[in-house]
Structures are given as C-alpha cells and as structure tokens.
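One structure is given below, encoded as structure tokens.
Both counts, for ligands and for their atoms, begin at 1 and track the order of listing. The residues of the chain are indexed from 1 along the displayed sequence. This one's a predicted model, so the numbers in the text were calculated from it and none came from an experiment.
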Amino acid sequence: MFSKTEFHVLILGIDKAGKTTLLEKIKSQYSNLEGLPPDRIVPTVGLNIGRVEASNTKLVFWDLGGQPGLRSIWEKYYEEAHAVIYVVDAASPSRFEDSKSALEKVLRHEDLQGAPLLILANKQDLADAVSAEEVARYLDLKKLDERAYTFLAVSSYDGLGIKESVNWLVDVMERSKRTEMLRLRAGANLISN
Ligand SMILES: Nc1nc2c(ncn2[C@@H]2O[C@H](COP(=O)(O)OP(=O)(O)OP(=O)(O)O)[C@@H](O)[C@H]2O)c(=O)[nH]1
Ligand SMILES: [Mg+2]
C-alpha cells in the first residue's frame, strides 16, 4: 500500500535510433551503476530492462529491438506500459519515413490507448541532427489529442535533455488516466485471485 508507485516505460523506435544507448545513459545518470559505454552496445534482439528511482518513483524501462523483424514483439508489452518513449535518430533523415510509419502503427494499437508519449530527437551531439521541432514536422502525427505527448531534443552520448525527459515522464504518468486505469486493473486482479 505504501510502497512507491512503479511505472513501466516502453522504449521504442526503429533500429539504430539509439534506444539502448539512451537506456544506459539514463541508468548511469540515475543510479550508482555505470551504464554500458556506447562501444559495448550491440543491436538488441531480446529485452533490456533498466530500473531506476527518480522523483520518489520507481521507473522500469523496457528496451526492445527495432529491426523490422523484431517490431512484431513490441505489442506484447503494450498492455502493461504506463508510457512510451519513441526514439528517433535526428541525424538520419533517410530513415524518418520508416520511423514515422512504425510510430503510426504503435499509436493505432488499442492496448496503448491514452499512454503518454515522449518523442526524442536523439543524437543532438551530431552536427547534422535536426531539432525536435523539425522531427515533429517530419512525423506530422495526427489524432494525438487524447494522450499527453511532447517532443524533446536529447543526446544519449552526452546526456543532453535526459533529466528533462525523465521529469516530463514522471510528471505526466503521475497525472494520467492510463495510470489510474492500470492501478484499478491491478487491484481487480488482486481481488479475483
Ligand atoms: N552520435 C550519437 N550516436 C548515438 C547516440 N545514441 C546512439 N548512438 C549510436 O547509434 C547506434 C545505434 O545505437 P543503439 O543504442 O544500439 O540503437 P538501438 O535503437 O538500441 O538499436 P536496436 O537495438 O537495433 O533497435 C550506435 O552506433 C550508437 O553508438 C547519440 O546520442 N549520439
Ligand atoms: Mg537496442
């Protein structure tokens, strides 16, 4: 009853967007553990889990592989997710279209209804990275009104924007109807078991 709320955050995005590098950076900023350095990170095939505490809440991050053949696994995690981080490589315009269609598919799925969405324009340390506003323009998402969402610029290398991202997520998840729905469902399961 009095334990800290635990929030599940799903990290999605196409391959090479920088999801695992982001997770390792979050881990190194929010725990005493050293995250893996970028040169030790390989393409994700299974699931990486990262647990951190931030603003008096427990956050559990689920990082999945973004290669085309692995994207069908994403939906298995939707039901339990409080929020989604969608990572975009802001320095690879040639992949924006793939990124946009993969995200549109995510947003159409009913198991993610109302889930807050944080879209990250990653790799801001690269000179040719475009801004968060430009990523928003490229993605040109429709019908996002029923969920809280925002675009932020980050670099998973130097840590730019990561604290701001985590703060936004915690704040929004604490107030979201989806969190309330997941809480009620967990309670109902406790009673019926
Ligand atoms: N310059 C720069 N490179 C980055 C950044 N984040 C990730 N990378 C690089 O981008 C490549 C892909 O990073 P990953 O973290 O493995 O990407 P991923 O999204 O987890 O990829 P999958 O697991 O295949 O879906 C690696 O070479 C990283 O070093 C960043 O913020 N800046
Ligand atoms: Mg990965």
Distance flag for atom 26 (C) of ligand 1, protein heavy atom under 4.0 Å: no
Hey, is Asp15 touching ligand 1 through its side chain, its backbone, both or neither, going by heavy atoms under 4.0 Å? both
Interfacing atoms of ligand 1 (cut-off 4.0 Å, heavy-atom, Pro43): 23 (O), 24 (O)
Atom 31 (O) of ligand 1: closest protein heavy atom, distance to 0.1 Å, is Ser156 N, 2.8 Å
Output the list of atoms in ligand 1 that are nearer than 4.0 Å to some heavy atom of Gly66, sorted by atom number. 22 (P), 25 (O)
Between Ile49 and Leu23 the two heavy atoms that sit nearest each other are C-CD2, 4.4 Å
Heteroatom distance test (Leu126, ligand 1): nitrogen or oxygen, under 3.5 angstrom: no
Ionic contact status for Lys177 with Glu180, cut-off 4.0 Å: no
Less than 4.0 angstrom from a charged side-chain N to a carboxylate O is my criterion; do Lys123 and Asp89 meet it? yes
For atom 15 (O) of ligand 1, the closest protein heavy atom turns out to be Thr21 OG1, 2.5 Å
From NE2 (His109) to CH2 (Trp74), nearest 0.5 Å: 12.5 Å
Measuring from atom CZ of Phe61 to atom CD1 of Ile11, what distance do you get when rounded to the nearest 0.5 angstrom? 6.0 Å
To check your reading of the model: name the closest protein heavy atom to atom 16 (O) of ligand 1, its residue, and the distance in Å. Ile41 CG2, 3.7 Å
Note: Asp89, heavy atoms under 4.0 Å from ligand 1, region reported as neither
Is any N or O atom of Lys123, backbone or side chain, closer than 3.5 Å to an N or O atom of ligand 1? yes
Part of Thr20 with heavy atoms under 4.0 Å of ligand 1, whether side chain, backbone, both or neither: both
Give me the residue, atom name and distance of the protein heavy atom closest to atom 17 (O) of ligand 1. Gly18 N, 3.1 Å
Measure Thr44 to ligand 1 on non-hydrogen atoms and call it side chain, backbone, both or neither using the 4.0 Å cut-off. both
For atom 8 (N) of ligand 1, is the nearest protein heavy atom under 4.0 Å away? yes
With heavy atoms of Gly65 as the reference, note each atom of ligand 1 found under 4.0 Å away. 25 (O)
Salt bridge or not for Asp15 and Arg95, using N-O below 4.0 Å? yes
Heavy-atom contact under 4.0 Å between Gly13 and ligand 1? no
Numbering as shown, the atoms of ligand 1 that approach Asn122 to under 4.0 Å (heavy-atom distance): 5 (C), 6 (N), 31 (O)
Protein residue, atom and distance nearest to atom 21 (O) of ligand 1, heavy-atom basis: Lys16 N, 3.0 Å
Closest protein heavy atom to atom 18 (P) of ligand 1, given as residue, atom name and distance to 0.1 Å: Lys19 N, 3.5 Å
Check Asp98 with Arg71, please: is the shortest side-chain N to carboxylate O separation under 4.0 Å? yes
Going from CD1 on Ile119 to OG1 on Thr150, what distance comes out if it is rounded to the nearest 0.5 angstrom? 8.5 Å
Can you tell me which residue and heavy atom of the protein come closest to atom 4 (C) of ligand 1, and the distance to 0.1 Å? Tyr157 CE1, 3.4 Å
Quick one: look up the protein heavy atom nearest atom 32 (N) of ligand 1 and list residue, atom name and how far away it is. Asp125 OD1, 2.7 Å
Taking all non-hydrogen atoms of both residues into account, name the closest pair between Ile162 and Ser155 and its distance. CD1-O, 4.1 Å
Between Arg185 and Glu79, is the closest basic N to carboxylate O distance under 4.0 Å? yes
